[in-house]
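Naming convention: chains lettered A, B, ... in sequence-line order (proteins, then strands); numbering from 1 in each chain. Quick note: numbers below take in every heavy atom, side chains included, and nothing from hydrogens, waters or symmetry partners.
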2 protein chains.
Amino acid sequence: MVSIADVARDAGVSSSTVSYVLSGKRSISPETRDRVEASVRRLGYHPHAGARALASSRTNVLALVMPLRADIDVQVLMGFVTSVVTSARKYDYDVLLLTNDEGPDGLRRVADSAMADALLVMDVESADPRVPVLRSLRCPTVLIGLPDEPGDLSCVDLDFSAAAKRCVQHLADLGHEHIALVGPSPAVYERGTSFAGRFLNGFTEATRTRGLNAPSQPCSPSYDGVRECLDKILVEQPRLTGLVVHNEAVLGTLLSELRARGSRVPEDVSVVAVGPDEMAANQPMRLTTVPLLSDDVGRIAVEMTMRELAGSSAPEVRLLSPRLAHGDSTAQRD
Amino acid sequence: MVSIADVARDAGVSSSTVSYVLSGKRSISPETRDRVEASVRRLGYHPHAGARALASSRTNVLALVMPLRADIDVQVLMGFVTSVVTSARKYDYDVLLLTNDEGPDGLRRVADSAMADALLVMDVESADPRVPVLRSLRCPTVLIGLPDEPGDLSCVDLDFSAAAKRCVQHLADLGHEHIALVGPSPAVYERGTSFAGRFLNGFTEATRTRGLNAPSQPCSPSYDGVRECLDKILVEQPRLTGLVVHNEAVLGTLLSELRARGSRVPEDVSVVAVGPDEMAANQPMRLTTVPLLSDDVGRIAVEMTMRELAGSSAPEVRLLSPRLAHGDSTAQRD
DNA sequence: TTGAAAGCGATACCAC
DNA sequence: GTGGTATCGCTTTCAA
């Protein structure tokens, strides 16, 4: 292993000088700087991460906590993960990937053993049991999602309430009066995922404001689930002409089933879907969607973390405004 | 922060004793052990990871290198990632998640700065430029995939050649004489992903052995791509009755397109698909599949790593035998 | 502008 | 069976 002492010897300076050249924390004469940098390159020096962490109480590592659930869309999950990892590297941070199955103790372990400088937690529920633990940890934390009581924890997420309203607005503007919501699977509601509830609230509120009677149904991710969901919706809304789909997993199946039932999209039914960009890609038509912005959410989560670590920012809650991407799956009601 | 000295003081022993209690590297009297363990719990002591790494030259961290590609199935990717992370925790290891976009330098950085004890690299290509770097790193490495020249690097993967043969055998045994392969997207072949080539070789070999004339076509992940692929196949194989699909992304689309063309599965065309379990779940029928075993591959990769770290094992190449799960998408040819 | 040296918090060797 | 202490490689204060 090549250590800072090796570099110092090679460059003919003290090891503290090498350290300062690398950190830029004090001014160095151009000549010394050059010599040191040359030695660093020539020897292929990389500071020992553990030693550095020990001396500086900084790891340059972010811990990202990932859910291990069947009911959460992998595409969305992966979007967050890659976005967080690539964003973190821009700040010279690496990412430690934790799963949820260690529970709150896992968070405590990582924070207390100084394996990371901050925690990013995905898939946060309304009354998430991890939240109180995180608040007690005195470790900068950013939640992807929005619990009921974030306290002094930072949060970032899509504004799902606004997203629902945007969908309703779009369909209503096109003249649709008989619409419905195909929601996430029942399991998602049951465990109190905050985004599902926020979307549903936004939907309900927007339809009421518009004076629409609009049922909503959760939808299990299977053929039978989709059929059942559609059946129930049609009982409540027999003259259905517009669907908001907030369920990545069933979208393809749903479109097939509509076709099978003789409903053309968009001639008979307009469909607007909420989900990751990839969801729309593999469909037979260009869908009207409200993209989930996983990329932005991940990037912003990292940016917020960096600001907190720099001490230049207080905790904040940021909900990203959704936008609607017009496609060919929604049309004017005639 | 609570340090080992705090625990030592609390338990009335020396810090070395605390260390030995925790590591179990020398015998301790039951009484001392109990006192120390009680103190550890009471104070909520977690050893400082950096300090530990510095003193022991062990990080208890595995670095997992993830590809950032559009053409690789996220479901498969995520399967590996979760499997590696959860398996690693069983050995008290954490996982640092790296992406490929730093290139070989990123691997060097992580290894040289002692951020991890070993590297796991996914999505390895036949002539992967990272392989020579990895071999020069003197850091235990396990590849998920199989390059042409692994050298002394360990490898683990599904035996894709055997998987292809299994598919062909299944269809042939059912009496199908006019079959074809729907392969991964052209991009996957072009960059020389090892698994695509191995599958294709297995397919070609098996069909030749059986005396079948069986065309194969790559397939782009879009509606048009699927149509085009089917068209080309039907030109070469007009009396098609059996399809092997080695392309998770297009499976759903392909099944729809077959239906649209009036081909019933399995009455007119038998379909056997290679992919993750999740791929089959959202289809309208129980598919006959050859599962990718991402879970096993990830777990075995970790186990191999652990054995290498323990010094109890030389590098090895392990190709997992595929199995075929009978479903309703393949039937006897009458 | 630079160097010397005191930690950081563990591990593991050497004594007893 | 236990304690003392050198050591790991870096950061950062203090001195010059």
Open item on the list: If you apply the rule side-chain contact (heavy atoms from CB on, under 4.5 Å), what do you find for B:Val81 with A:Leu97, and how did you get there?
Closed with: CA-CA 9 Å; B:Val81 172; A:Leu97 189 64; 3.4 Å; yes

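Whole-Å rounding puts the B:Asp112 CG to D:dG9 P distance at 13 Å. Taking atom CZ on B:Arg35 and atom C1' on D:dT2, their separation rounds to 11 Å, with Å as the unit. In this entry the distance linking CE of B:Met115 with P of D:dG9 reads 17 Å, nearest Å. One atom, OH of A:Tyr45, and another, P of D:dG9, lie 10 Å apart when rounded to the nearest Å. Put simply, CG on A:Asp6 is 9 Å from P on D:dG9, counting in whole angstrom units. The CG atom of B:Leu54 sits 13 Å away from the C1' atom of D:dA6 (whole-angstrom rounding). Atom OH of B:Tyr20 is separated from atom P of D:dG3 by 12 Å (rounded to the nearest Å). In this structure, B:Arg26 atom CZ and D:dG4 atom C1' are separated by 11 Å, rounded to whole Å.
Here the straight-line distance linking atom CG of B:Asp148 with atom CD of B:Glu125 works out to 10.5 Å at 0.5 Å rounding.
Side-chain N/O atoms of A:Lys25 include none lying less than 4.0 angstrom from OP1 or OP2 on D:dT11. Here A:Ser3 does not reach the OP1 or OP2 of D:dG9: none of its side-chain N or O atoms lies under 4.0 Å away.
You can see that DNA chain C meets the heavy atoms of chain A within a 4.0 Å-exclusive cut from C:dT1 to C:dG9, reading 5' to 3'.
The nearest pair of heavy atoms linking B:Met1 to B:His46 is CE-O, 3.9 Å. Between B:Leu134 and B:Leu119, the shortest heavy-atom contact is CD2-CD1, 3.6 Å. The minimum heavy-atom distance between B:Val2 and B:Tyr45, with the atom names listed, is O-CD1, 3.3 Å.
Nearer to the 5' terminus of DNA chain C, by closest-nucleotide assignment, is the contact made by A:Ser29 (compared with the other of B:Leu22 and A:Ser29). Where B:Ala55 and B:Ser14 meet DNA chain D, the nucleotide closest to each residue was compared, and B:Ser14 sits on the side nearer the 5' end. For the pair A:Ala51 and A:Ser15, nearest-nucleotide mapping onto DNA chain C gives the more 5' position to A:Ser15.
Counting heavy atoms from C-beta on, the side chains of B:Leu98 and B:Val110 come closer than 4.5 Å.
Remark: the B:Arg52 side chain and the D:dG9 base include no donor-acceptor N/O pair separated by less than 3.5 Å. No hydrogens or angles were tested; on distance alone, a donor-acceptor pair under 3.5 Å links the side chain of B:Ser16 to the base of D:dG3.
Looking at B:Glu308, B:Arg318, B:Glu316 one by one, the single match for side-chain hydrogen bond (donor to acceptor under 3.5 Å, both in side chains) with B:Ser154 turns out to be B:Glu308.
Looking at heavy-atom distances under 4.0 Å, B:Thr32 makes contact with sugar-phosphate atoms alone, never a base.
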